Amino acid sequence: MALKRSVISAGLAAAGMLVIAQGFWIPIKAIAAQAFLNYAWVETLERGAPQKPWPWADTWPVARLTFDALGESLIVLEGANGAALAFGPGRMINSVYPNNPNTVIAGHRDTHFADLKAVKVGQLLTYQASDGSVQSFEVIDTRIVHETQTGVLEPTTEPTLTLITCYPFDAIAPGGPLRYVVRAQLDVPDYSLSSSARLARVFKEALEMSSRAQF
Amino acid sequence: MPWLSCLRCVFVCAIAVFSVVLAPFSFAATASILGEPVNAANTKAGTLLVRAEDDLVLRAVPMLGTEVDIEVAGIVARTGVTQYFHNPTDLWLEGVYVFPLPENAAVDTLEVRIGDRLIVGEIKERSEAKKIYEKAKAEGKKAALLEQERANIFTTSVAGIPPGSTVGVRIEYQRELLFRDGFFSLRFPMVVAPRYIPGDAQATSGGFGFAPDTDQVPDGSRITPRVAAPSDKILNPVKIKATINAGMTITAQSPSHLIGIDKNQDRVLITLADGVVPADRDFVLRWQPVIDQGPAMALFKERFADEDYALLMMIPPQAEAGNTQPLAREVIFVLDRSGSMAGRSFSQAKAALILALKQLRPEDAFNLIAFSSDARQLFSESMPATDANIDNALEGIARLNAEGGTEMHYALSLALENQQPTEKVRQVVFITDGAVGNEAMLFDFIKNHLGQSRLFTVGIGSAPNSHFMTDAALLGKGTYTYIGNLSEVKRQMTALFRRLESPLLTDIKIDVNGAPVETYPEHIADLYAGEPLVVLLKGKDLDQDIVVRGATGTNHWTQKVRLKNGHAHEGIARLYARRKVAAIERSLYGLADATSWREKQKAIKSEIIATGLQYQIVTKHTSLVAVEQESTVPFGENLKPWAAPINLPAGWEYGLDQSGPDTDALSQDLYYEDAAIGDATLMRASKVFAHQEHVDSSAMSVADFSSAPATVAAVTESTDWCSRYPASFACVDEKTKKDQKGGASKTQTSPPSAMQIAMGQILPRTATPAQMLLIIGMLLLITAAVIRKKKLLKWR
């Protein structure tokens, strides 16, 4: 009986250690991965083509996101799936500016995007795309939404950065239904795109104006 | 068993500690490669930053800023460039600034603004203008001089900039818009990229540049302004404002800069989104008209000194693709691998070249020439475009890196001399940034040695030498293509391939009835796909009808133009004059060996002077000079000369050796032969390229947004948040609050699946179980301890 107890005790202790190690491993991995991703990012910028951070990775750096006010910088990965999010914030596929002016980036609330709670309206975010171009975005709103409210993913008129993380920030168990959303717009007044149809009409008229009575 | 797990724990922890310890070093490594961390306030749009080591001393230095306003009406753009020379020192200065303008810009105005005073410049013969300027300087008068060094390089000199003040120099020019591949575009260059000056240095030096005057480039020191070390500060800031009077609201785009657009009733105002940008790349603005099946045309007229001038732009019918069997070709690719191409330019060039190689058909033949201080070719003669040969070329390309001089002459001689008679169409695709100073010599060579070949220039980088690109293509009876950044490679190369198929419209002639009409260009070059016909005309009274004829394959094409119907527009006469001067200059090429060359040169010079004076424009031999009436510089004060330093063009690598030509002997070795074939390298090249193609195709759909679905534009321009994001975000915020109050969500009963996340039905899940794991682990340990403690108690 006594022997059995000692075995159970040792087993529980070992399991406990293992679980704790895993608990520590997650944030450590999150921090260490960003360091390795920095290498891949530098490569990406130099070569102008996506670079995998390690050979077996199924994601790659697509942008560098800097929180100007916090002085913090993160490498954003392609895809907002669990595998990518463990290493860095992920850009949701199909939300690539400028095809879709609304770039959506998701990150873990307790690692990379833990500081999202400190982001205030009016602060600036800097977004460096993989072609090296740098754009400045101004935070215009922070909100709490339910996970089913996918409106934040929809295309916008102005180039927009939408950062998503889980809410509340200090909840212990993962998988809650609420999300914290930070929205930032390109720091440019009156920037807009127009439809091709409108363009077409405009230029047809412009050309006609310049050469009326030719036809 | 437990210690096995423990061992694993230790192992995991060790890796973790190692990673944490390593992390700062990896950041440090990153920093040393990238230089200063990117700062949004002063670096926009992809400026390459490298820390300047020597810029530690803070002191007031003269500065230069430029303000540009572009006014587009119809197909002509009039541009005002104001250069502000700011002098915070306590010395009187003479400022000198070497800057680019678009080639064929007809510059007609120079104004100097000092405080509220305005001095207006006059056109004089260049040597006379220089004398007037030097005399004014000696007499203590403020003066300004604008000289043309190349078709696209100018120098402003300003004498008598007072201490602690700013002098503004305003230059105005006009230029017709470019129209290609269905886009209107205008290009405003901002920086004279450092150029390679071949030849032997001469004792004299006429300018402030980093290169000496040489026997091949006698004005080398005038066209090579000193490049400042890259730094965090914006050097030579430029502010651009463009107004497009299109009759109604339109939208434009810029592949080079972020722009802001302000729409008005009948015009569109375009400004730089960043406010100011460093002068380190060409500003390109482009917008799209509609081309129907039939030809479109625009005609503008001006009456100048009792004569009529007209600018005619026509878009010939675009042939239907694929109805004729294209001819077999012999394509000679020439790749500039000089030091100026290092960095982003070279990856663009390689990508373009690889894309081009893959377009070759089996019946084509090709060869590859790479040049820097010398020129080498891949095969001793053109080889069939078999897979093996193309793989060989791809592998060779992967090995190339960019360094050394730019001895373009060697490359041209390899490409054009000793042409074998062939049934095939011989095309030379010349990929370069054109950063050389001996353009005239190269033009001369092309004109003499072209033979049956056609020369197609591909301009690479942020600030290519557009004068070289356009004139080399014109003399080479081909056409030019610009690639400003990697995302444009595919789009522009696709356009080039279309042009390589064959000229669309050949044997173009203008038939005039009645009174004689002078036209420039005199002999109209063949038009390639996507190119318009641009002609400038001059006549006593341009009111008759003319007929433009051409051949499209086997068909004939004619179009009647009623000159009477042109719209009045200022500046057409000067555009005509600029075209005429360019034509006169070109008439000298190909004659360098002739005995009559010197006389011919003299005749051409006086012809250019006469044209410049008649139409009051700046040419290579006529300058604008502005002089103050009274002397204002204190007596005995010596002007300290200050040559404005320039930025390194965006994407260039700092510290390249541009000092002089490499003395390496010209060799025509087969430079790949000794290299062992490495499959790994080849695979890597094609793999990287596959990525690029992927990236490019996404970029292309944006650039060519006419074909992209107009999802964005459909949204109304309301400023109301809720209507802009209907049924989403802010508008459902209240609902969320209610949900929070009510505790758990009512809408979501079952946990969302990964599928829902992937399909965008719910927002991504973004929390890790790290904390939970820690707590569970602690609980397990406590339980274990409790059990063990009980056991211990019992044993005692």
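Order of the sequence lines fixes the chain letters, A, B, ..., with proteins taken first and strands second; residue numbering starts at 1 for each chain. A quick note: this is a predicted structure, and the numbers were derived from the prediction, not measured.
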*Who wins among A:Ala106, A:Gly107, A:Ala15 for the most heavy-atom pairs under 4.5 Å with chain B?*
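Answer, by heavy-atom pair count under 4.5 Å with chain B: A:Gly107.
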
Given a strict heavy-atom distance threshold of 4.5 Å, which part of [X] is in contact with chain B: side chain, backbone, both, or neither?
X        : value
A:Ile172 : both
A:Leu12  : both
A:Phe24  : both
A:Ala33  : neither

*What do you reckon, are the aromatic ring centroids of A:Trp54 and A:Tyr39 less than 6.0 Å apart?*
no

*So, for A:Phe67 and A:Leu163, which heavy atoms are closest and what is the spacing to 0.1 Å?*
CE2-CD1, 3.9 Å

*Using 30° and 60° as the class limits, which term best fits the ring planes of B:Trp287 and B:Phe184: parallel, tilted or perpendicular?*
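Answer is tilted, since the angle falls between 30° and 60°.
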
Sequence neighbours left out, cut at 3.5 Å: what donor-acceptor pairs do the side chains of residues 768-778 of chain B make with other protein atoms?
residue  : atom : partner  : partner atom : Å
B:Thr768 : OG1  : A:Asp110 : OD1          : 3.1
B:Thr768 : OG1  : A:Asp110 : OD2          : 2.5

_Test of understanding: with side chain to side chain contact (heavy atoms under 4.5 Å, CB included), list the residues that count as partners of B:Leu781, not counting sequence neighbours._
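B:Leu781 satisfies side chain to side chain contact (heavy atoms under 4.5 Å, CB included) with A:Ala13, A:Met17, A:Ile20 only.
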
